[in-house]
Amino acid sequence: MLGGALVVSSSSSTFLSSSLRKSSSSSSLSRSSVPSVSRLSVRSMADSAFKKIQIQRDDTTFDAYVVGKDDAPGIVVIQEWWGVEVEIKNHAIKISQLDPGFKTLIPDLYRGKVGLDAAEAKHLMDGLDWPGAVKDISASVGVTGMCMGGALAIASSVLIPEVDAVVGFYGTPSSELADPAQAKAPIQAHFGEIDHLVGFSDLKVI
């Protein structure tokens, strides 16, 4: 287990950040600006890259999506509030292709549901069992996520002793879920300079 540490970064740096920064910032725009036929084509390509598996945790079984070399180091990629859709799958593919190569896994925290608009995504996130979601990502690997996924990634560094390292993008856990000061693994956290969603993407929380 790596020693606990926190690195707060506002610029591109090592371990995932340079390859994900541009695509994560444009994810919401792409939903409305890309023609539907193109979105379907991209979704089909993303889906075909993954192996769908099932994971059992306590008394529940859920799907997860895996891509990358079987013998490579593992990274759990956590969904945004939309669910497991094409954007998060593309992030996972990009991470798996980083040198020296990784095996990435996306746990389906919404159990197959996907938000088609902001209102539906908010409804799904509000109904999420957050402590249960943290258990869903329990593994001896690195963990990364954006927005809701960033909050869960940081929470995993506090609540899951097996997690080795965390990179979070503009998400922070509630104080009821986890205190980042109690992290047991290194955290690299990224926040936009004008991103001021208090209590969620607020640097002061960290």
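Just so it is clear, the values below take in all heavy atoms, side chains as well, and ignore hydrogens, waters and symmetry mates. Everything quoted here is computed from the prediction, not taken from an experiment.
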**Request:** Using atom types as modelled and distance alone, determine if a side-chain donor or acceptor of R57 lies under 3.5 Å from a backbone N or O of G132.
**Result:** yes
**Expected output: side-chain T104 to main-chain A92 donor-acceptor under 3.5 Å** = yes
**Fill in**
Sorted by chain and residue number, the side chain to side chain donor-acceptor pair (under 3.5 Å) partners of K122 (sequence neighbours excluded) come out as D126
**Message:** With side-chain contact (heavy atoms from CB on, under 4.5 Å) as the criterion, how do L159 and K135 come out once you've worked through the C-alpha distance, each side chain's angles and the decisive distance to 0.1 Å?
**Reply:** CA-CA 9 Å; L159 301 173; K135 291 181 181 179; over 6 Å; no
**Prompt:** So, for I187 and S157, which heavy atoms are closest and what is the spacing to 0.1 Å?
**Reply:** CD1-OG, 3.3 Å
**Message:** Once salt bridge (charged side-chain N to carboxylate O under 4.0 Å, His left out) is applied, do any residues pair with D63, and if so which ones, sequence neighbours excluded?
**Reply:** K52
**Prompt:** What class does the angle between the rings of Y65 and F50 fall in, given that below 30° is parallel, 30 to 60° is tilted and above 60° is perpendicular?
**Reply:** perpendicular
**Asked** Which heavy-atom pair separates G101 from K69 by the least distance, and what is that distance?
**Response** CA-CE, 4.1 Å
**Complete:** When rounded to the nearest 0.5 Å, the distance separating CD1 of I93 from CZ of F102 is 16.0 Å
**Request:** Kindly give the heavy-atom pair with the smallest separation between F191 and G171, and that separation in Å.
**Result:** CE2-N, 4.3 Å
**Asked** With Q182, which residues qualify under side-chain contact (heavy atoms from CB on, under 4.5 Å), at least two apart?
**Response** V158, D179
**Request:** With side-chain contact (heavy atoms from CB on, under 4.5 Å) as the test, would you mind laying out the steps for V77 and T144 before giving the verdict?
**Result:** CA-CA 5 Å; V77 180; T144 188; 4.1 Å; yes
**Request:** Identify the heavy atoms of A133 and L128 that sit nearest to each other, and give their distance.
**Result:** CB-CD2, 4.1 Å
**Prompt:** What closest approach, in Å, do A153 and G145 show between heavy atoms, and which atom pair accounts for it?
**Reply:** CB-N, 4.1 Å
**Request:** Treating Ile, Leu, Val, Met, Phe, Trp and Tyr as nodes and any side-chain heavy-atom pair under 4.5 angstrom as an edge, say whether L124 and W130 lie in one connected cluster.
**Result:** yes
**Message:** So, taking the atom named CD1 in I88 and the one named CE in M146, what distance separates them when rounded to the nearest 0.5 Å?
**Reply:** 4.0 Å
**Message:** Keeping E87 on the side-chain end and N90 on the backbone end, is there a donor-acceptor pair under 3.5 Å?
**Reply:** no
**Asked** If every non-hydrogen atom of A185 is compared with every non-hydrogen atom of A165, which pair is closest and at what distance?
**Response** CB-N, 4.1 Å
**Item:** Counterpart residues, side-chain contact (heavy atoms from CB on, under 4.5 Å), relative to T61 (two or more places apart)
**Value:** Q54, Q56
**Message:** Exactly one of V163, V76, I160, L105 should register a side-chain contact (heavy atoms from CB on, under 4.5 Å) with V141. Which one does?
**Reply:** V76
**Message:** Same cluster or not: V66 versus L98, using hydrophobic residues (I, L, V, M, F, W, Y) connected whenever any side-chain heavy atoms lie under 4.5 Å apart?
**Reply:** no
Report all side-chain donor-acceptor pairs from residues 106-117 shorter than 3.5 Å, counting only partners two or more places apart or in another chain.
unit_1: D108; atom_1: OD1; unit_2: Y110; atom_2: N; d: 3.3
unit_1: D108; atom_1: OD1; unit_2: R111; atom_2: N; d: 3.1
unit_1: D108; atom_1: OD1; unit_2: G112; atom_2: N; d: 3.3
unit_1: D108; atom_1: OD2; unit_2: G112; atom_2: N; d: 2.7
unit_1: Y110; atom_1: OH; unit_2: W81; atom_2: O; d: 3.0
unit_1: Y110; atom_1: OH; unit_2: M125; atom_2: N; d: 3.2
unit_1: R111; atom_1: NH1; unit_2: D108; atom_2: O; d: 3.0
unit_1: R111; atom_1: NH1; unit_2: D136; atom_2: OD2; d: 2.9
unit_1: R111; atom_1: NH2; unit_2: D136; atom_2: OD2; d: 3.1
unit_1: D117; atom_1: OD1; unit_2: A119; atom_2: N; d: 3.3
unit_1: D117; atom_1: OD1; unit_2: E120; atom_2: N; d: 2.8

**Asked** Of all residues at least two apart in sequence or in a different chain, which pass the side-chain contact (heavy atoms from CB on, under 4.5 Å) check with P131?
**Response** D129, L177
